[in-house]
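What follows is a short report on a single structure.
In what follows, chains are A, B, ... by sequence order, proteins preceding strands, each numbered from 1.
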2 protein chains.
Amino acid sequence: MVRKEQLRPGGRSARVQASVHQAVRALLARHDRAEITFPMIATEAGVTPSTLYRRWGELSELLADVAVERLRPDTPPTDTGTLRGDLEAWAEQIADEYASTPGQAMLRDVLAANASGEQAFQCCVYLREALDTLTLRAQLRGEFSPGTESLIDGVMAPIIYRILFLGARPDEAHVKALVSKALHGLA
Amino acid sequence: MVRKEQLRPGGRSARVQASVHQAVRALLARHDRAEITFPMIATEAGVTPSTLYRRWGELSELLADVAVERLRPDTPPTDTGTLRGDLEAWAEQIADEYASTPGQAMLRDVLAANASGEQAFQCCVYLREALDTLTLRAQLRGEFSPGTESLIDGVMAPIIYRILFLGARPDEAHVKALVSKALHGLA
DNA sequence: AGATAAACGCAAATCCTTTGCGTTAGGCCG
DNA sequence: CGGCCTAACGCAAAGGATTTGCGTTTATCT
């Protein structure tokens with residue numbers, strides 16, 4: 001039921017969307033997500049509940065929208081001088097972000113809404129773009145990179161898997177081992 | 001709100017639980033999961049809705065309970081004679097099962113309920129047990145196995161990651177490559 | 001067998017969700 | 001620039017879902 005494609009880009013629609021997103025962020029800060037409802041968000045945002053029902057359909061869709069926006073990286077991955085260093089630093093950062101309580105909640109929101117949405121895919125695109133950046137950077141240095149797909153399989157997937165199913169991020173040594181193994185496979 | 005620990009094991013409680021679980025499976029077979037509600041399940045199971053609300057609290061908890069039961073493997077992984085063969089066959093089977101439409105829905109149910117439950121962990125335990133079996137089997141043959149943790153990182157996590165975030169399982173060649181890489185790392 | 005409390009059924013009250021209709025205000029074209 | 005078209009919204013009523021108090025059933029323990 002997400003209608004981003006046919007949304008009018010400017011004016012009132014945009015204001016409503018911004019107001020609603022901000023309301024969600026504000027409510028997430030002071031309530032358990034299980035308590036949050038459309039009427040609550042509507043009051044906070046100054047709109048009527050029916051607007052939310054028509055535009056987002058389900059609460060999980062709206063929460064996923066907000067989560068994807070929060071998961072979008074604001075800065076490119078830091079440049080440490082080597083692919084190994086870049087990967088280690090970036091993987092640690094992602095692990096911290098996604099394993100935090102709000103991070104885990106955002107991951108779940110994004111996956112729960114996936115039935116009818118594309119948020120999970122978009123979330124995955126962010127990771128892929130970052131890995132593309134690191135790979136390109138490595139190539140410019142003359143280093144060899146195993147490539148984005150291998151890095152997703154070897155580094156990202158294990159980290160995300162452990163966060164989702166075990167509720168805890170792998171420790172620093174484990175992340176380094178994953179990076180080593182991913183870089184070791186090809187060379 | 002899951003109270004399995006303090007549930008009375010036998011008698012009426014057990015009958016209600018069985019009836020409710022069966023009702024959920026029946027409803028999942030003929031309705032979209034978005035349409036399913038507690039009152040609907042209650043009617044199908046012959047109980048009152050308040051029983052469901054008190055015992056499971058949220059619909060996602062009940063759906064996750066049913067999903068975990070369905071994801072529990074009924075047979076041990078097939079023995080092909082080599083660890084590589086075992087891993088390939090088992091990974092293919094898991095990929096098929098989890099990537100199917102009901103499989104994806106079950107995965108999402110399990111993860112969505114994780115906020116207050118332990119279903120995701122239990123689901124992960126099944127995979128770990130199967131990998132333990134394969135590792136033990138390999139050791140009895142005199143083969144070397146990289147170990148359960150490495151196999152989770154190298155084979156299971158990438159498969160599950162791609163199913164969850166991309167909505168599609170890796171193809172057969174990709175799975176074989178994952179197994180090869182996992183077995184190649186140590187030796 | 002009797003006591004105890006968990007689990008359930010029932011029903012009322014509350015809240016969420018859906019939906020029809022009128023109004024507002026972007027976007028577009030003459 | 002002015003007017004048309006319709007997406008998006010607000011409002012309110014109707015329909016379900018959820019919660020909760022209370023009495024009853026029944027599993028468990030002594």
Suppose we screen for side chain to side chain contact (heavy atoms under 4.5 Å, CB included). Which residues come up paired with Asp171(A), at least two apart in sequence or across chains? Ala173(A), His174(A)
With sequence neighbours excluded, tell me which residues meet side chain to side chain contact (heavy atoms under 4.5 Å, CB included) with Leu62(B). Val20(B), His21(B), Val24(B), Phe38(B), Ile41(B), Trp56(B), Val66(B)
To the nearest Å, give me how far apart OH (Tyr53(A)) and P (dT17(C)) are. 3 Å
Tell me: CD of Gln17(B) to P of dA27(D), nearest whole Å? 15 Å
Would you please name every residue forming a salt bridge (Lys or Arg N to Asp or Glu O under 4.0 Å) with Asp109(B), sequence neighbours left out? Arg33(B)
Rounded to whole Å, the CD-P distance (Glu58(A) to dT17(C)) equals 10 Å
Salt bridge (Lys or Arg N to Asp or Glu O under 4.0 Å) involving Asp32(A) - partner list, sequence neighbours excluded: none
Between dG16(D) (P) and Leu59(B) (CG): distance, integer Å: 18 Å
Would you mind reading off the bend of the helix from dA1(C)-dT30(D) to dG30(C)-dC1(D) from its two end axes, five pairs each, to 10 degrees? 40°
Residues forming a salt bridge (Lys or Arg N to Asp or Glu O under 4.0 Å) with Asp153(A), sequence neighbours excluded: Arg162(B)
Interatomic distance, Trp56(A) CH2 vs dA8(D) C1' [rounded to whole Å]: 11 Å
Which residues share a side chain to side chain contact (heavy atoms under 4.5 Å, CB included) with Asp132(A), sequence neighbours left out: Arg128(A), Thr148(A)
Could you tell me how far apart Glu35(B) (CD) and dT18(C) (C1') are, to the nearest whole angstrom? 15 Å
Spacing of Gln17(B) atom CD and Thr51(B) atom OG1 [to the nearest 0.5 Å]: 13.0 Å
Between CG of Leu52(B) and P of dT19(D) the distance, given in whole Å, is 12 Å
Do any side-chain nitrogens or oxygens of Arg55(B) fall under 4.0 Å of OP1 or OP2 in dA7(C)? no
Tabulate protein N/O versus nucleotide N/O from nucleotides 9-15 of chain C, keeping only pairs under 3.5 Å, one per line.
{"unit_1": "dG9(C)", "atom_1": "OP2", "unit_2": "Thr48(B)", "atom_2": "N", "d": "3.3"}
{"unit_1": "dG9(C)", "atom_1": "OP2", "unit_2": "Thr48(B)", "atom_2": "OG1", "d": "3.3"}
{"unit_1": "dG9(C)", "atom_1": "OP2", "unit_2": "Thr51(B)", "atom_2": "OG1", "d": "2.5"}
{"unit_1": "dG9(C)", "atom_1": "O6", "unit_2": "Arg54(B)", "atom_2": "NH2", "d": "2.9"}
{"unit_1": "dC10(C)", "atom_1": "N4", "unit_2": "Ser50(B)", "atom_2": "OG", "d": "3.1"}

Gap between atoms CZ and P, on Arg15(A) and dA25(C) respectively (whole Å): 8 Å
Between Asp79(A) and Arg141(A), does any side-chain N to carboxylate O distance fall below 4.0 Å? yes
Report the residues that fulfil side chain to side chain contact (heavy atoms under 4.5 Å, CB included) with Phe121(B), sequence neighbours left out, ordered by chain and then residue number. Leu166(A), Val125(B)
